[in-house]
Q: 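Next up is a structure, given as structure tokens.
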Amino acid sequence: MASVTVISIGAMGLGIAKVLQTQGHKVLTSLQGRSEATRRRAQSANITPLENDATVISQSDYVLSILPPADALSTAQRLVSAYASDPSLRAGKSHPLYYLDLNAISPHTARSIASIFNKEAPDIVFIDGGIIGNPPTPPADGSLVDANVWKRPSIPLSGPPLTSAPVHGDSLAMALNTTYLGDAIGTASTLKLTFATLTKGFTALALQSYTTASRAGVLPELQRHLDDYVPGVRDRAERGIVGCTSKAGRWVGEMEEIGKAHAEEGGWGDRARVFGEIARVFEGVSEVDGAGGLKSAEEVAVALGQVLKE
Ligand SMILES: *[C@@H]1O[C@H](CO)[C@@H](O)[C@H](O)[C@H]1NC(C)=O
């Protein structure tokens, strides 16, 4: 089967690694610039650790980049430089290395990364992608044999088609639950970020609404009015508020990328600066001590209000 290097093994990377293993693929990861905890997590999940970028290039058929958005470009650049300085790393391989960027980056950033590959490592095939949804989870019966029965995120892709990749491209495209959006780099990233505009953007609005209502003592009244006039919205808001607390730090960069997508791809220019400001909302949440342990939207509103006062 294929050898797939997943960088890095966070919650999403680990879930995707397991789905790939279910289909019989070999999963590896790079330890370059990673902690001892990553090494242990990889080993306990049967993921082969690779010491550096050179071994990633020589031993992989595919690289999946799954990182905080701010690290996407530098990680790609590092790999490209390793390859450019020693193209013999692929000697003896009859097929090209495929690099899938699955990060929440703006289409502009995706194109910048693609052009680094084109200029410095044209033999590596670059595919643009995004991940919509939560990390894969196995079916209730614990069945590990078929990726299709797992609950998986959707992975839109654009650029060269993965299904045409020589080393089990079809199997990989299926296991990853991919949707092909055409050959333009940036299309998949645009879909990912326009989706997140509504989901995470709404959560940012909810955080502001709840925090302000809480400080003014009208949160219970706000909740009652939401229930009466816009059924479903309160539930959605509160799930978003509680659910974002442990991820808020990572979302700061994603909101900035969303802002770029609207400014450039959507033609909003300066008028789309709102997502730069929304990034600051999640930054506020990331400054709440022990935010991940808060269990209700009311508690988050109070704690966030406290941070804003400081
Ligand atoms: C695969 O992604 C689609 C969206 O493209 C989603 O509707 C579906 O639930 C996902 N499939 C699985 C098995 O998780």
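Remember, predicted model here, so these are calculated numbers, not experimental data. Quick note: numbers below take in every heavy atom, side chains included, and nothing from hydrogens, waters or symmetry partners. Every number for a ligand or one of its atoms is a count from 1 in the order of the listing.
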Q: Under 3.5 Å, sequence neighbours excluded: what are the donor-acceptor pairs made by side chains of residues 172-183?
A:
residue: Asn177; atom: ND2; partner: Pro153; partner atom: O; Å: 3.2
residue: Thr178; atom: OG1; partner: Ala173; partner atom: O; Å: 2.9
residue: Tyr180; atom: OH; partner: Gly159; partner atom: O; Å: 2.5
residue: Tyr180; atom: OH; partner: Gly182; partner atom: O; Å: 3.3

Q: Kindly tell me which protein residues have any non-hydrogen atom under 4.0 angstrom away from an atom of ligand 1, grouped by chain and ordered by number?
A: Asn148, Trp150, Lys151, Arg152, Ser154, Asn177, Thr179

Q: For Arg239, does the CZ atom have more than 12 heavy-atom neighbours from other residues, nucleotides or ligands under 6.0 Å away?
A: yes

Q: Tell me which pairs pass side-chain hydrogen bond (donor to acceptor under 3.5 Å, both in side chains) where either residue lies in residues 288-302, with sequence neighbours left out.
A: Gln223-Glu298, Ser296-Glu298, Ser296-Glu299

Q: I'd like to check Arg224 versus Arg234 (side-chain heavy atoms, cut-off strictly below 4.5 Å). Are they in contact?
A: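 Result no, sub-4.5 Å side-chain heavy-atom pair not found.
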
Q: Which residues pass the ring pair (Phe, Tyr, Trp, His ring centres under 6.0 Å) test with His168, sequence neighbours left out?
A: none

Q: Minimum heavy-atom separation for Met1 and Ser171, please, with both atom names.
A: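 Reported closest heavy-atom pair: CE-OG, 3.9 Å.
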
